[in-house]
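Worksheet for the structure shown next.
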Amino acid sequence: MKIQCTPIDYDYFDFQGKNYAKIIGRDDKGKKVCLIDSCDVFLWAILKDNIGEKKVKEISEKIRKIKLSEKGRASEVIKTEIHNKKYLGKNVTAIKILITNHKDAHSFAEKIDFKEIDKRREFDLPYITRYILEKKLKPLQWYEIEGEILNNSPEFGGIDNKLDVNICLKVEKIKEIEKEIYQPKILSYDIETDEFDIGKGHIVMISLVGENFKKVITWKEKSNKEFVEHVKDESAMLEKCVEYIKDYNPDILVGYFSDGFDLPYLRARAEKNHIKFNIGADDSQPTFTRGRLTTGKIKGIVHIDLFRFIRVTYGQYLQSETLSLNEVALELLGEKKNNWIHKHSSKINGGEWDTYYEYNLQDALLTYKLMQKLWPDFYEFTNVIQEPLFDISRDSLSTQVENYIIHHSGQYNEIIEKRPYNTDIEERRSEEKYEGAFVFQPIPGLYDNVVFFDFTSMYGSVIVTYNLSKSTYLEKKEKDSLKVEMGKETVYFSKEPGFFSLMLQEIIEKRKLFKKEYNENPNPILKARSNAFKLLANAAYGYQGFFGARYYCLKAAAATAALARKSIKETIEVIEKNNNKIIYSDTDSIAFLQGNKTEKDIMDLLKKINETLPGIMELDLEGFYKRGIWVSRRNGDIGAKKKYALIDINDKIKIRGFETVRRDWCNLARETQNKVLDLILKNGDEKKAVELVKEVIEKIKKRDIDLNKLIIKTQLKKSIEEYKSEGPHVTIAKKMREQGKPVNIGMLIEYYIAESDGKKKSLIRERAKLTDEPGKYDIEYYLKNQILPAVENIFEVFNVDVNSLIEKKKQTKLGEF
DNA sequence: GAAGTGGATATACC
DNA sequence: ACTGGTATATCCACTTC
């Protein structure tokens, strides 16, 4: 039997003491297939230097005879092979130890403690990773698979009988083929419940959205809406839901925050109703792994929680202030959630139910559309990193970088470094922080004609150019090595290119290539591809300084920062020597005055600098700006770093660091500051802006401001009990909890500051009120703690004291009484 | 009980 | 605990006089 198919979900099982991969995929006709396959499982024993050939063979033989019997499983070494490998860039002799069961790799590693053995490695690779590496059956690519059909076969304990797939194949031959990018079958889901705590209240309705498929299943009010299906009770609703999912037979079941809410809730209610939520391809129920975050897994279907993917890998490129479904959908799709204020189902009137059903359906619809929109990104990440979609959608950035390394180490014949033990992690975490980026101390002022240069992928380029990594780090000075001075300390790196730098070089080159291709031919796939490489390039530096990394090397991270500092300072000097005044610089960018130079002069300067830059270091023109403003810090009179605003030739404004871009300031302060910056940058003076601020002050005093504009939003970053210092948002979170409102870690807590009602209340938190709590906003607070701080330093640039505006008015006002 | 200071906290920049 | 360091600013908690 020969089929064409693409692997989607990877799982594995044990049969008669051996491991087998169980892969769910689709064939070219859209049928669900299951592939059963196995691969060599092994670990490496790396020998110490200068062990004679004979001795190596002897040890190899000794290892060959090791047997284990653990957890009722007899396991043994199948064979051993002697190889010339590389480990951290050095040539080593290593014994490849093939064993019967992957789960015993750790135990074997512990048993191999001969004195001639230096290190044991690759006992900690997950089986699926090992399988993909060995068989090169990469997720979402296309293959021609030859194999034996399992049909009612007793082999593997009759596994094919238990699986809801069209074909079950025992793999014999794998051949990669070219085909179009796979478009998965997606089903999205969303639930509405009476209570927020998992499983506490009833599930009122479940919505499902797929291609030409929209459903809301409910046991509450009947409806004439064609998409609403009414059943008799919660239990029947859950069973109907299972039926629809099985019927639709998706590759991907997607929700928004579904790891933390929808899926565990469904599972909990099924349990309460004594039924099975058996949506797995083998009729199993979803399972949950309890880490810091709950993760919901379904056999044979890739469960994706879009929120998680967006938060770790995608969020940094979004403008949205929260990563709520509403905001993300608005930004990426231009669509919103429907309006609905959550109520217990007992408090909903008959006529309101249709609104509720539509609201629920819209959420699933948005989730479905978002999944489609982000599919190119999921696909490209999977393609580049080569781990299964399930992991790609949840892994942290460091893990993504690490998996990229693992799946590309073969090119370098490298034995993969081990994961750090807890003792290693403890030690790493206790290491002193190193000096990071250079930030130029700006002088407050309004500047005309500002030019911005920046380095492309600066840290990545530094790592590649200077070859900075764990494998190239030298314990002591060697001849022809690179010397890096970092304050008191001096470190050395080999000039022999290391595999980490080579890999990163490839990543940066591909990023440049795909970016260029995208610019010539803009399409979502090229954008996603370029983005995937950009993300890896940017994360590689942080990875080397991350305590959990296999290829952790704090010295390399410190040297990267040191050489980046050196590089930017030297570039600053060149620009200064060209008679251009430096205004600002942060990490990889430099702002300076164009002065009397033409744009061509500036481009020539850029070209000249690039000619002298080493390796793959590259300086780019970020832009020409008509005007820019830098202000002073609120306490102290020096210029504030990381805070400036620019206007370009097309009157487009770019704001960095100001309150305008901070979500923990009330909208009135943000809007006012934004308008002030706009007026100043456009007009080149402050006069109109002063008038504007006066008006706002008057409005506040007259209580003419809508409360919505005064709401302050602060994120609850940990549980209420963990706070040592109780800020206003924590007090409000406490109140919300008392009122039975949902309070979760990560939530934005909303409140406003009210006038104290009689008793003296010196603390701000004592005056903080919930948005729906009646009260009068505190005029003084909003003037002195919101509006003034937001504009004071901007006007200071023009020697205008806004403080006096408030005080003066206040006196006249007092005089009136 | 006001004033000053350091710590805790949140958020942004790159 | 789940990439790094640099920086601003608020509000609380505590000390001091």
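Just so we're on the same page: letters track the sequence lines, and every chain starts at 1.
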query = If you look at every strand shown and take non-hydrogen atoms under 4.0 Å, does A:Phe440 touch a base, only sugar-phosphate, or nothing?
reply = nothing
query = Which nucleotide in the set B:dA10, B:dC14, C:dC2 lies at the smallest distance from any side-chain heavy atom of A:Ser396?
reply = C:dC2
request  = Ignoring hydrogens and angles, tell me if any N or O in the side chain of A:Glu618 forms a donor-acceptor pair with the backbone of A:Phe455 under 3.5 Å.
outcome  = no
query = Side chain of A:Gln715: nearest nucleotide among C:dT3, C:dG4, B:dT11?
reply = B:dT11
message = Checking A:Phe500 now: which residues fulfil ring pair (Phe, Tyr, Trp, His ring centres under 6.0 Å) with it, not counting sequence neighbours?
response = none
message = If the cut-off is 4.0 Å, is A:His729 near the phosphate of B:dA10, judged by side-chain N/O to OP1 or OP2?
response = yes
task = Let me know the distance between NZ of A:Lys717 and P of C:dA1, rounded to the nearest Å.
result = 15 Å
Distances for protein N/O vs nucleotides 7-10 of chain C N/O pairs under 3.5 angstrom?
from	atom 1	to	atom 2	distance (Å)
C:dA7	OP1	A:Lys641	NZ	2.8
C:dT8	OP1	A:Arg633	NH1	3.2
C:dT8	OP2	A:Arg633	NH1	3.3
C:dA9	OP1	A:Arg634	N	3.4
C:dA9	OP1	A:Lys643	NZ	2.9
C:dA9	OP2	A:Arg634	N	3.0
C:dT10	OP1	A:Arg634	NE	3.0

request  = Remember a base hit wins even if backbone is also touched, and classify A:Gly436 as base, sugar-phosphate or nothing at under 4.0 Å, heavy atoms.
outcome  = sugar-phosphate
ask   = When the distance from OH of A:Tyr459 to P of C:dT3 is rounded to whole Å, what number comes out?
value = 17 Å
key: Length of the line joining A:Lys784:NZ and C:dC11:P, which is rounded to integer Å   = 13 Å
note = Numerically ordered, the residues 559-570 of chain A set in heavy-atom contact under 4.0 Å with DNA chain B is none
request  = Specify the separation, in whole Å, of atom NZ of A:Lys654 and atom P of B:dA12.
outcome  = 17 Å
ask   = Is any NZ, NE, NH1 or NH2 atom of the basic residue among A:Lys510 and A:Glu506 found under 4.0 Å from an Asp or Glu carboxylate oxygen of the other?
value = yes
ask   = Could you give the OH-to-P distance, from A:Tyr552 to C:dT3, as a whole number of Å?
value = 15 Å
task = Could you please spell out the steps behind the salt bridge (charged side-chain N to carboxylate O under 4.0 Å, His left out) verdict for A:Glu659 and A:Arg670?
result = CA-CA 6 Å; A:Glu659 285 73 7; A:Arg670 298 173 67 183; over 6 Å; no
ask   = Can you find a heavy atom in the side chain of A:Thr382 that is under 4.5 Å from one in the side chain of A:Asp391?
value = no
inquiry  = Salt bridge check, A:Asp664 against A:Lys713: does any charged N sit closer than 4.0 Å to a carboxylate O?
reply    = no
key: Exam field: side chain A:Gln786 to backbone A:Cys666, donor-acceptor pair closer than 3.5 Å   = yes
query = Expressed in angstrom and rounded to an integer, what is the separation of A:Trp630 atom CH2 from B:dC13 atom P?
reply = 14 Å
ask   = Taking the side chain from A:Thr560 and the backbone from A:Ala556, do they hold a donor-acceptor pair closer than 3.5 Å?
value = yes
ask   = Below 4.0 angstrom, N of the basic side chain to O of the carboxylate: do A:Arg663 and A:Glu327 qualify?
value = no
ask   = For atom P, what is the distance between C:dT3 and C:dA7, given to the nearest Å?
value = 23 Å
task = Name the closest nucleotide to the A:Arg663 side chain, picking from C:dT3, B:dC14, B:dT11.
result = B:dT11
ask   = Are any of the side-chain nitrogens in A:Glu485 or A:Lys566 under 4.0 Å away from the carboxylate oxygens of its partner?
value = no
query = Within less than 4.0 Å of OP1 or OP2 of C:dT3, is there a side-chain N or O belonging to A:Gln400?
reply = no
Using a cutoff of under 3.5 Å, can you pull out all pairs of nitrogen or oxygen atoms linking the protein to nucleotides 13-17 of chain C, with atom names and distances?
from	atom 1	to	atom 2	distance (Å)
C:dA13	OP1	A:Glu726	N	3.3
C:dA13	OP2	A:Arg765	NH1	3.1
C:dA13	OP2	A:Arg765	NH2	3.1

ask   = Counting any heavy atom closer than 4.0 Å, what does A:Tyr434 reach on the DNA or RNA strands: base, sugar-phosphate only, or nothing?
value = sugar-phosphate
request  = With sequence neighbours excluded, tell me which residues meet salt bridge (Lys or Arg N to Asp or Glu O under 4.0 Å) with A:Lys515.
outcome  = none
request  = Identify whether any heavy atom of A:Gln544 sits under 4.0 Å from a base atom; if not, whether one sits that close to sugar-phosphate; answer base, sugar-phosphate or nothing.
outcome  = nothing
query = Between atom CG in A:Leu646 and atom P in B:dC13, what is the gap in whole Å?
reply = 12 Å
key: Protein-nucleotide distance (A:Asp395, atom CG; C:dA1, atom P), rounded to Å   = 18 Å
Can you give me every donor-acceptor pair (side chain of residues 420-427 of chain A, partner residue at least two apart or in another chain, under 3.5 Å) with its distance?
from	atom 1	to	atom 2	distance (Å)
A:Asp424	OD2	A:Lys418	NZ	3.1
A:Asp424	OD2	A:Tyr421	N	2.8

inquiry  = Within the 4.0 Å heavy-atom criterion, would you say A:Gly548 contacts the bases, only the backbone, or no part of the nucleic acid?
reply    = nothing
ask   = Within the structure shown, what part of the strands sits under 4.0 Å from A:Thr714 by heavy-atom distance: base, sugar-phosphate, or nothing?
value = sugar-phosphate
inquiry  = With a cut-off of less than 4.0 Å, is there a side-chain N or O of A:Lys718 near OP1 or OP2 of B:dT9?
reply    = yes
query = Could A:Asp305 and A:Arg394 be called an ion pair, given the rule that one side-chain N must be under 4.0 Å from one carboxylate O?
reply = no
